[in-house]
Participant: 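Quick one: the structure is below, and I'll ask about it shortly.
Here the structure is a predicted model, which is why all the values come from computation and not from measurement.
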Amino acid sequence: RYPLVTGVQTCALPIFTLMLTVLFFKENWIWHLFQRSPRINKWVRYLSIRDLYTHKNLLRIFLYSFLRYGIFILQYMIMLNVMHINFSPAYCISLTTVFFLGMALAPTFGFIELPVRAELGISIFGLCTTNFLGLQAATLGIWLINIVIPAVIGLFIILFTKYQSK
């Protein structure tokens, strides 16, 4: 359906992901470049906290992040299917990845996040579907599940704990 985009994604994204993964575990290659530059060298001491982590800890962090990311993608795939927006799994993963990148780059907080998520979802997923109401409903559902409900539960836990301590 979108051969150019799919072809580029098929070739470039796995290579880029592999490069970033190698850099995550072998960042000392970059340290040597940073230490040679006087402008960047003054920041190296702030980044040296990374030396406190072993490769085992880094692998655990990487796997937890990968699991979390996979769960978020699965949530979007389920919500989009519930809203009758059907993409192939590979295409849905690609679009959701771009969506997460956009959300990471957009400075949002609190209730301002919902309209930004909705607009970004329409901008990205809307390239492949005209079901904008379904896109907004899926975005609202994910926002409620991942942000609002845990915040409300946390609020009640804090209030209950303060009430019990008095």
Participant: Under 4.5 Å between side-chain heavy atoms, hopping through other hydrophobics if needed: is there a path connecting Phe87 to Phe132?
Facilitator: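 In one cluster with Phe87: Phe132, yes.
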
Participant: How many angstroms lie between CG in Leu80 and SG in Cys92, if you round to the nearest 0.5 Å?
Facilitator: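 The SG atom of Cys92 is 5.0 Å from CG of Leu80, to the nearest 0.5 Å.
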
Participant: With a 4.5 Å cut-off on side-chain heavy atoms, are Thr97 and Tyr69 touching?
Facilitator: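 Side-chain contact under 4.5 Å: yes.
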
Participant: From Ile61 CD1 over to Leu63 CG, what is the distance, rounded to the nearest 0.5 angstrom?
Facilitator: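 Rounded to the nearest 0.5 Å, the CD1-CG separation comes out at 10.5 Å.
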
Participant: Could you state the interatomic distance from CD1 (Ile124) to OG (Ser94), rounded to the nearest 0.5 Å?
Facilitator: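 Those atoms lie 11.5 Å apart.
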
Participant: Let me check something: do Leu101 and Ile73 share a hydrophobic cluster, defined by ILVMFWY side-chain heavy atoms less than 4.5 Å apart, either directly or through other members?
Facilitator: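 No, no single cluster joins them.
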
Participant: How long is the gap from OH on Tyr91 to CG on Asn86, to the nearest 0.5 Å?
Facilitator: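 Rounded to the nearest 0.5 Å, the OH-CG separation comes out at 14.5 Å.
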
Participant: List the atom of Leu135, the atom of Ile85, and the distance in Å for their closest heavy-atom pair.
Facilitator: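 Heavy atoms of Leu135 and Ile85 come nearest at N-CD1, 3.5 Å.
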
Participant: Can you tell me how far the CG atom of Asn81 sits from the CE atom of Met83, to the nearest 0.5 Å?
Facilitator: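 Output value for this atom pair is 10.5 Å.
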
Participant: Do the rings of Phe125 and Phe99 sit parallel, tilted or perpendicular, given the 30° and 60° boundaries?
Facilitator: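 Tilted, since the angle between the ring planes falls between 30° and 60°.
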
Participant: Are Ile93 and Met77 packed together at the side-chain level, in the sense that at least one heavy-atom pair is separated by less than 4.5 angstrom?
Facilitator: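 Counting from C-beta outward, Ile93 and Met77 do come under 4.5 Å.
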
Participant: Measuring from Thr139:OG1 to Leu144:CG, what's the distance to the nearest 0.5 Å?
Facilitator: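 Thr139 atom OG1 to Leu144 atom CG measures 11.0 Å (nearest 0.5 Å).
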
Participant: According to a hydrophobic-cluster definition based on side-chain heavy atoms being under 4.5 Å apart (Ile, Leu, Val, Met, Phe, Trp, Tyr only), do Phe66 and Leu18 belong together?
Facilitator: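 No; tracing contacts between hydrophobic side chains, which count when under 4.5 Å, never links both residues.
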
Participant: Transitively linked via ILVMFWY side-chain contacts under 4.5 Å: Phe72 with Leu74?
Facilitator: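 As far as the 4.5 Å side-chain criterion goes, Leu74 and Phe72 are connected within one cluster.
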
Participant: Could you tell me whether the side chain of Tyr64 reaches within less than 4.5 Å of the side chain of Arg60, counting heavy atoms only?
Facilitator: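 Side-chain contact under 4.5 Å: yes.
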
Participant: Are Ile71 and Ile145 grouped together when hydrophobic residues (ILVMFWY) are joined by side-chain heavy atoms under 4.5 angstrom apart?
Facilitator: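 No, it is not one cluster - the side chains of Ile71 and Ile145 are not joined through contacts under 4.5 Å.
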
Participant: Any non-hydrogen side-chain atom of Leu95 less than 4.5 Å from a side-chain atom of Tyr76?
Facilitator: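 Sidechains of Tyr76 and Leu95: no contact.
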
Participant: For residues Asn131 and His84, report the shortest heavy-atom separation together with the two atoms involved.
Facilitator: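 Scanning both residues completely, I find the closest heavy atoms to be ND2-O, 4.0 Å.
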
Participant: Give me the atom names and distance for the closest heavy-atom approach of Leu120 to Gly102.
Facilitator: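 Smallest heavy-atom distance, with atoms named: CD2-C, 3.5 Å.
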
